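A short worksheet on the structure shown next.
Reminder, nothing fancy here: chain letters follow the sequence lines and each chain counts from 1. All figures in this text were calculated on a predicted structure; none of them were measured in a lab.
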Protein chains: 2
Amino acid sequence: MNIRHLTFRLLQVYVAVVRSGSMSEAARLLHLTQPTVSQQLKRLAEAVGEPLLESRHGRLVPTEAGSELYRASREVLGRFADFDDYLTALRGGERGRFSIALVNTAQYVLPRLLGPFSQAHPEVDVTVHIGNRRQMLTRFERQDDDLYVFSHPPSLAHAVAGRFLRNPLVAVAPHGHALADRERVTMRELLGERFLLREPGSATRMLFESWLQEQGLSLGATLQMASNEAIRVGVAAGLGLAVLSEHVLPPEHPDLVILPVAGLPIESHWQFIVRRDRRLSHAALGFLRFAEGHLAECVEPRFLCNEIDGLLAGLGEAGA
Amino acid sequence: MNIRHLTFRLLQVYVAVVRSGSMSEAARLLHLTQPTVSQQLKRLAEAVGEPLLESRHGRLVPTEAGSELYRASREVLGRFADFDDYLTALRGGERGRFSIALVNTAQYVLPRLLGPFSQAHPEVDVTVHIGNRRQMLTRFERQDDDLYVFSHPPSLAHAVAGRFLRNPLVAVAPHGHALADRERVTMRELLGERFLLREPGSATRMLFESWLQEQGLSLGATLQMASNEAIRVGVAAGLGLAVLSEHVLPPEHPDLVILPVAGLPIESHWQFIVRRDRRLSHAALGFLRFAEGHLAECVEPRFLCNEIDGLLAGLGEAGA
DNA sequence: TCTGGTAATAGATGATTCTCTATGTAGTGC
DNA sequence: GCACTACATAGAGAATCATCTATTACCAGA
């Protein structure tokens with residue numbers, strides 16, 4: 001059997017003929033002429049190298065080889081129909097896989113979106129990578145993921161971004177701190193205290209430091225801890241003060257106070273970033289669409305800042 | 001996805017590329033040039049409507065859609081490889097089906113061939129139809145079967161024949177019959193006795209009657225029985241005489257004697273008959289070949305008359 | 001024996017495919 | 001930045017395909 005010149009079309013025609021038991025009938029069903037079907041069948045029989053049909057009492061019935069070919073054809077066409085369904089699901093974003101890389105702080109909030117999304121699209125596999133800004137930048141450079149969440153995007157030369165959530169950085173002090181009751185505090189007043197800082201690769205630290213620089217200030221004693229949690233607990237325990245994303249604070253935080261420092265909160269935003277030079281998986285696109293539609297239900301209104309539509313538009317233009 | 005222009009060849013190329021992770025490598029394996037492979041893949045991706053491969057660290061790896069296509073392709077190609085095996089077996093006569101139609105008398109001998117054949121080719125289904133000559137002729141006209149066994153073939157306009165076994169018709173009488181000891185008996189001497197005859201459609205009867213006619217003789221009293229067995233038992237019981245195929249007699253038959261009638265035995269031969277206007281199944285052809293090779297082992301030498309090679313030759317010329 | 005339906009063949013044509021060579025482009029690794 | 005390898009594109013010729021119309025051949029039933 002010469003498989004080289006076997007087409008799926010040929011099998012479709014063959015199946016139609018076997019089913020209807022007649023070439024003319026099959027031709028009608030397929031919107032072809034009878035000679036076309038006749039010739040296709042001839043080609044198919046040649047490819048197989050064996051007669052496929054014989055005329056019994058005016059009906060065409062498959063020979064032995066023909067029966068087996070019919071079985072094989074149906075299986076094969078069925079398999080590709082399944083594949084087609086798979087593609088449809090893939091394209092609809094109902095199935096598939098994508099990975100998203102988050103800077104540390106965003107992990108406090110992204111599950112609120114990913115949870116409902118996963119529930120709505122159980123067939124989509126999501127992989128979440130978490131690390132500090134520097135680690136995420138590496139992943140971004142290597143194009144490891146479909147989506148990235150940064151507060152300040154890296155170079156947008158090969159990417160598009162869309163903000164979706166406010167990320168205010170506030171100064172926190174332990175409950176009962178001397179300045180906690182003041183209506184207004186200046187940063188300068190706090191410089192004498194020890195500050196707990198994230199590690200150098202962290203976005204939170206970077207933002208805080210560049211803000212300080214703008215103000216012409218620099219910190220005194222510092223203590224470095226590579227985790228927002230550790231810092232929050234450290235501040236509560238009286239180790240010092242810190243500037244943290246408000247998202248890091250639990251809804252109720254009786255052991256901490258937010259100091260009303262002038263110039264704070266530092267206003268930043270998280271953004272979804274998508275590389276333009278990497279094809280975005282349908283599933284990831286589906287997630288962005290979902291986020292755009294359901295963001296308001298998933299986060300507190302005061303943080304809301306839905307500019308994902310702009311990102312989607314930017315992608316559309318890139319994809320076109 | 002447009003399945004119309006999907007070729008098995010395309011899938012083969014695709015599978016080779018996915019397996020090797022490189023187009024150039026696949027091209028070498030398939031004895032093609034790299035641009036050819038590149039272009040084929042492009043066509044395939046177009047047919048699918050989705051990117052299939054992406055370059056990761058210098059290797060081509062399938063996208064999601066590509067992975068699924070790879071799975072589908074392998075299944076489909078595997079299915080057709082199986083089909084190919086099936087064809088091979090079919091062509092080798094190792095598998096398949098055929099039907100053979102026997103005149104009654106031949107049933108005493110054909111199992112000796114069919115038994116060993118079935119043992120050697122357990123995957124071949126054989127259907128045996130048995131009836132008298134007239135019934136077999138009807139089947140022959142309707143082209144119901146692959147092979148027919150007649151003693152005298154019908155018109156050979158659309159068929160070829162090959163003798164394979166002598167079928168002598170002898171006169172039998174009960175043990176102790178008055179003429180049993182004579183060295184020579186003429187038919188005329190027997191006409192006074194009652195003869196047990198098969199039914200009119202029978203070949204045995206036809207042969208006997210036409211022999212009688214040649215001799216210018218006609219029978220007196222007759223008794224008709226539609227079974228060789230019944231006639232044999234009837235003769236033994238003294239109901240009368242009969243002319244029967246020697247094959248009908250058991251190896252030992254103490255209750256019967258063969259009368260040495262002048263002009264008997266009537267020499268006839270069984271033949272395999274194959275219609276020339278019906279494609280002969282590989283299995284049936286395999287059986288004929290088997291019969292040609294093993295006939296001598298399966299029947300008594302005195303009946304042997306292997307002219308099947310002529311039949312096979314006749315088929316070859318028709319098939320070419 | 002005519003008639004109707006069905007399959008096969010012939011002949012034609014535009015589209016598609018297959019495959020090549022030659023050349024361009026883009027990552028990878030040093 | 002350079003060399004190397006691998007993929008992409010262009011262009012071209014031969015082959016094959018898909019499909020049609022028109023005709024022929026065959027078979028079964030009236």
Side-chain angles (χ1 to χ4, degrees), chain A residues 2-14 16-47 51-63 66 141-144 157-158 275-279, chain B residues 2-14 16-48 51-63 66 141-143 157-158 275-279:
Chain A
N2 185 3
I3 211 172
R4 284 286 272 272
H5 298 124
L6 215 50
T7 351
F8 279 65
R9 177 59 171 167
L10 232 45
L11 300 186
Q12 284 180 324
V13 172
Y14 178 64
V17 170
V18 172
R19 262 206 254 276
S20 63
S22 144
M23 294 199 188
S24 309
E25 181 58 22
R28 273 188 287 278
L29 289 173
L30 299 168
H31 307 293
L32 294 171
T33 59
Q34 169 269 316
T36 302
V37 174
S38 178
Q39 208 218 99
Q40 298 283 68
L41 245 56
K42 190 175 170 187
R43 275 208 317 123
L44 181 60
E46 262 163 29
L52 300 173
L53 297 170
E54 47 193 5
S55 184
R56 305 297 269 170
H57 316 122
R59 264 180 76 84
L60 293 175
V61 299
T63 62
E141 289 306 326
R142 281 205 311 252
Q143 314 186 21
D144 281 345
H158 304 104
R275 291 198 65 108
R276 227 197 301 244
D277 49 3
R278 184 186 203 267
R279 193 182 63 89
Chain B
N2 185 4
I3 211 173
R4 285 286 274 270
H5 298 125
L6 214 51
T7 340
F8 279 64
R9 178 60 171 167
L10 231 45
L11 300 186
Q12 283 181 325
V13 172
Y14 178 63
V17 170
V18 171
R19 261 205 255 275
S20 62
S22 144
M23 294 196 190
S24 310
E25 181 58 22
R28 274 188 287 279
L29 289 173
L30 298 169
H31 306 293
L32 293 171
T33 59
Q34 170 268 315
T36 302
V37 173
S38 179
Q39 207 216 98
Q40 298 281 68
L41 245 57
K42 192 176 169 187
R43 275 209 315 123
L44 182 60
E46 264 164 27
V48 171
L52 300 174
L53 298 169
E54 47 193 4
S55 184
R56 305 297 270 170
H57 317 299
R59 264 180 74 84
L60 293 177
V61 298
T63 61
E141 289 307 325
R142 281 204 311 252
Q143 314 188 20
H158 304 103
R275 292 198 63 109
R276 226 196 303 242
D277 48 3
R278 185 186 202 267
R279 194 182 61 89

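The two atoms that bring B:Leu60 and B:Ser22 nearest to each other are CD1-CA, 4.3 Å, heavy atoms only. The minimum heavy-atom distance linking A:Ile3 with B:Gln12 is given by the pair CG2-NE2, 3.3 Å. Taking all atoms of both residues into account, the shortest heavy-atom contact from B:Pro62 to B:Val18 is CG-CG1, 4.0 Å. When all heavy atoms of A:Gly66 and A:Tyr14 are compared, the closest pair comes out as O-OH, 2.8 Å.
Contacts between residues 27-35 of chain A and DNA chain C, counted as heavy-atom distances below 4.0 Å, involve A:Gln34, A:Pro35. Residues from residues 19-26 of chain B placing a heavy atom under 4.0 Å of any atom in DNA chain D, listed by number, are B:Ser22, B:Met23, B:Ser24.
Axis angle between the ends of the helix from C:dT1-D:dA30 to C:dC30-D:dG1, five pairs each and rounded to 10 degrees, works out to 40°.
Of all nucleotides in DNA chain C having an atom under 4.0 Å from a heavy atom of chain A, the first and last in 5' to 3' order are C:dT6 to C:dT19. Taking the 5' to 3' direction, DNA chain D first and last meets chain B under 4.0 angstrom from a heavy atom at D:dA6 to D:dT19.
Partners of A:Arg59 by side-chain hydrogen bond (donor to acceptor under 3.5 Å, both in side chains), not counting sequence neighbours: none found. Taking the side chain to side chain contact (heavy atoms under 4.5 Å, CB included) definition, one finds that A:Ala47 meets it with A:Leu6, sequence neighbours left out. The salt bridge (charged side-chain N to carboxylate O under 4.0 Å, His left out) check on A:Arg19 picks up nothing, with sequence neighbours excluded. Among residues two or more places apart in sequence or in another chain, the salt bridge (charged side-chain N to carboxylate O under 4.0 Å, His left out) test is passed with B:Arg28 by B:Glu25.
Judged by distance alone, with hydrogens and angles left aside, the side-chain atoms of A:Thr63 form a donor-acceptor pair with the main-chain N or O of A:Pro51 at under 3.5 Å.
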>> With side chain to side chain contact (heavy atoms under 4.5 Å, CB included) as the criterion, how do B:Val17 and B:Leu53 come out once you've worked through the C-alpha distance, each side chain's angles and the decisive distance to 0.1 Å?
In response: CA-CA 10 Å; B:Val17 170; B:Leu53 298 169; 3.9 Å; yes
Pairs of donor and acceptor atoms involving the side chains of residues 31-45 of chain B, under 3.5 Å and at least two apart or interchain, shall be tabulated with distances.
from, atom 1, to, atom 2, distance (Å)
B:Thr33, OG1, B:Thr36, OG1, 2.8

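Side-chain contact check for B:Leu10 versus A:Phe8: every heavy-atom pair is 4.5 Å or farther apart.
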